[in-house]
There are 2 protein chains.
Amino acid sequence: MNGEKELEIARERVIDAISKNMNLYGVTESIGRLYGALYFQEGPLTLDEMKEELGMSKTSMSTSVRSLLELKMVGKVWKKGVRKDLYLAEADWYQTFIDFFTIKWRAGISLNISAMQKSLSEIQPLLNNEQVEPHIKEQAKIDIEKLTSAIEYYDWLNRLVDSFESKEIFEFIPKGENKKTEKS
Amino acid sequence: MNGEKELEIARERVIDAISKNMNLYGVTESIGRLYGALYFQEGPLTLDEMKEELGMSKTSMSTSVRSLLELKMVGKVWKKGVRKDLYLAEADWYQTFIDFFTIKWRAGISLNISAMQKSLSEIQPLLNNEQVEPHIKEQAKIDIEKLTSAIEYYDWLNRLVDSFESKEIFEFIPKGENKKTEKS
DNA sequence: CTGTACGTACAGTTTTTTCTGTACGTACTT
DNA sequence: AAGTACGTACAGAAAAAACTGTACGTACAG
């Protein structure tokens, strides 16, 4: 035994866990495996090397790596004399976490807020409209309350994301305290 | 115009946004639409009413509602004299957020931590093994460092989830200061 | 300018997921 | 006890997503 096999097995298990984990967050297992593979590389990889590493088509590598780029989980890297594109896994998982959820959540937040505000502005007038039946008005009132509190929630979520982006969250939950949690 | 149509359109837009948003988080659009529909109901619905509301099969309603139950986004409700199961949307989105991510993240965290610790315990011995080539040892050392810092990150994430679950997060990012009376 | 290496758009295929209808077990009603 | 209403397991159908190979545009080399 020269340790190569052992290392390989140990890595494989972690890559597997990473990809399953990412899958939980709505990312394909293949894309997760690609990230995992890149994570354990010593240096950046070309598309052809990834293809080799995962035994998949180059096309897949191209699209997968693009997804990872959009999530900022990998970065494109420059190396003198190398014509092929090189990609490197982002190694700082705190940063990865922040980017991932900032990107995902912001998108959802603005989508929802604008839909809700638009609907709110359509429902509001019903309350003062003579032609609208009392029963409908009652429903409108309830809906307005629901939408108002939903928007309030999204405002909170936005502030939470702000605290991720600005890293202020680490003042509240400090990084690598490295002491085990007292409970659980 | 009696306002009914307007209300319907306004709701439909929000339901659409909600389901797209949930889809972003890895939940089917259908399940998202079901949650949205339940959210705007005045009271709890039976499976047959959902089926009617969404124009889908009862089987689908059964499985979708189960997913929502697991995510604690709906609750089963009991009403005297009613034999059918009744389901009500959880209206507090702060709570929904907390439950959703607590459930999802905890699963991923423990999965990853145990995989990493196991791999770590396999890699560590390589360092002191005479038969392992220096080159492999070098890689092992790098991997150990990576895994150690990854585990540290997961510990942080665990503490973040703790702060969600215990609601301490609201001390750091306060809920909306609007009308609603808050109980501390 | 011509030839070559590279990344990716696109169309077709395979795989996975979602959805439906039937059938069955359970529990309540009479 | 039989009859009925209900929810869901299961298998197959339909839809969606992931994956691949070909073909093409671009950039650089000679």
Side-chain angles (χ1 to χ4, degrees), chain A residues 15-16 18-38 43-71 73-89 104, chain B residues 15-16 18-38 43-71 73-89 104:
Chain A
I15 290 173
D16 216 65
I18 289 174
S19 74
K20 287 211 173 62
N21 187 47
M22 287 174 64
N23 190 239
L24 226 77
Y25 294 176
V27 177
T28 305
E29 282 215 19
S30 292
I31 294 180
R33 240 175 302 132
L34 176 58
Y35 174 79
L38 289 172
L45 253 51
T46 66
L47 291 179
D48 284 308
E49 287 167 330
M50 295 177 206
K51 166 190 143 125
E52 192 57 36
E53 186 77 23
L54 301 197
M56 290 177 72
S57 72
K58 197 174 177 181
T59 305
S60 288
M61 295 304 96
S62 176
T63 56
S64 294
V65 104
R66 190 198 303 165
S67 305
L68 290 171
L69 276 172
E70 280 164 10
L71 295 170
M73 295 187 67
V74 309
K76 207 167 184 171
V77 153
W78 229 215
K79 211 156 141 191
K80 205 169 158 186
V82 178
R83 271 179 58 196
K84 302 187 182 190
D85 294 351
L86 290 167
Y87 299 95
L88 190 66
K104 282 230 164 182
Chain B
I15 290 174
D16 216 65
I18 289 173
S19 74
K20 286 211 174 61
N21 187 47
M22 287 174 64
N23 189 239
L24 227 77
Y25 294 174
V27 176
T28 306
E29 283 216 18
S30 292
I31 294 180
R33 240 176 301 131
L34 176 59
Y35 175 79
L38 288 173
L45 252 52
T46 66
L47 290 178
D48 284 308
E49 286 166 330
M50 294 176 206
K51 166 190 145 124
E52 191 57 37
E53 187 77 22
L54 301 197
M56 289 178 73
S57 73
K58 197 174 174 181
T59 303
S60 288
M61 297 304 95
S62 176
T63 56
S64 294
V65 104
R66 190 198 305 166
S67 305
L68 289 171
L69 277 172
E70 280 163 9
L71 294 170
M73 294 188 67
V74 309
K76 204 166 184 173
V77 153
W78 192 82
K79 213 157 136 189
K80 203 170 160 184
V82 178
R83 269 180 57 193
K84 302 188 182 190
D85 294 351
L86 290 167
Y87 298 96
L88 190 66
K104 283 230 164 183

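Each chain gets a letter, A, B and so on, in the order its sequence line appears, and its residues count up from 1. As a basis for the values below, the full set of heavy atoms in this structure was taken, side chains included, without hydrogen atoms, waters or symmetry mates. Just so you know, these numbers come straight off a predicted model, no measurement behind them.
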Check against side chain to side chain contact (heavy atoms under 4.5 Å, CB included), Tyr87(A) and Leu69(A): CA-CA 9 Å; Tyr87(A) 299 95; Leu69(A) 276 172; 3.8 Å; yes
Would you tell me whether Ser57(A) and Ser60(A) have side-chain atoms, one donor and one acceptor, within less than 3.5 Å of each other? yes
Any side-chain donor paired with an acceptor under 3.5 Å for Ser62(B) and Thr59(B)? no
Can a donor-acceptor pair be found, under 3.5 Å and without considering hydrogens, that links the side chain of Lys20(B) to the backbone of Glu29(B)?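 Answer holds: no.
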Describe the nucleic acid contact of Ser30(B) in one word from base, sugar-phosphate, nothing, applying a heavy-atom distance below 4.0 Å. sugar-phosphate
With heavy atoms under 4.0 Å as the rule, sort Thr28(B) into base, sugar-phosphate or nothing. sugar-phosphate
I need the minimum non-hydrogen distance between [X] and [Y], along with the two atoms involved.
X         : Y        : result
Lys51(B)  : Met56(B) : CG-O, 3.0 Å
Ile31(B)  : Ser64(B) : CG1-OG, 3.8 Å
Val65(B)  : Val74(B) : O-CG2, 4.1 Å
Lys104(B) : Tyr25(B) : NZ-O, 3.6 Å
Gly32(A)  : Ser19(A) : C-CB, 3.6 Å

Axis-to-axis angle between the two ends of the helix from dC1(C)-dG30(D) to dT30(C)-dA1(D) (five base pairs per end, rounded to 10 degrees): 10°
From [atom1] of [X] over to [atom2] of [N], roughly how many Å is that when rounded to an integer?
X        : N       : atom1 : atom2 : result
Lys76(B) : dG7(D)  : NZ    : P     : 8 Å
Arg66(A) : dC19(D) : CZ    : P     : 15 Å
Met61(B) : dG21(C) : CE    : P     : 12 Å
Glu29(A) : dA17(D) : CD    : C1'   : 14 Å

May I ask you to list the residues of residues 47-60 of chain A, by number, that have any heavy atom positioned under 4.0 Å from an atom of DNA chain C? Leu47(A), Lys58(A), Thr59(A)
Would you say Glu52(A) has more than 12 foreign heavy atoms packed within less than 6.0 Å of its CD? no
Nucleic acid contacts - residues 78-88 of chain A versus DNA chain D, non-hydrogen atoms under 4.0 Å: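 Output list: empty, so none.
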For side chain to side chain contact (heavy atoms under 4.5 Å, CB included), just list the numbers for Leu34(B) and Leu54(B), CA-CA rounded to whole Å, side-chain angles, deciding distance to a tenth of an Å, and then say yes or no. CA-CA 7 Å; Leu34(B) 176 59; Leu54(B) 301 197; 3.9 Å; yes
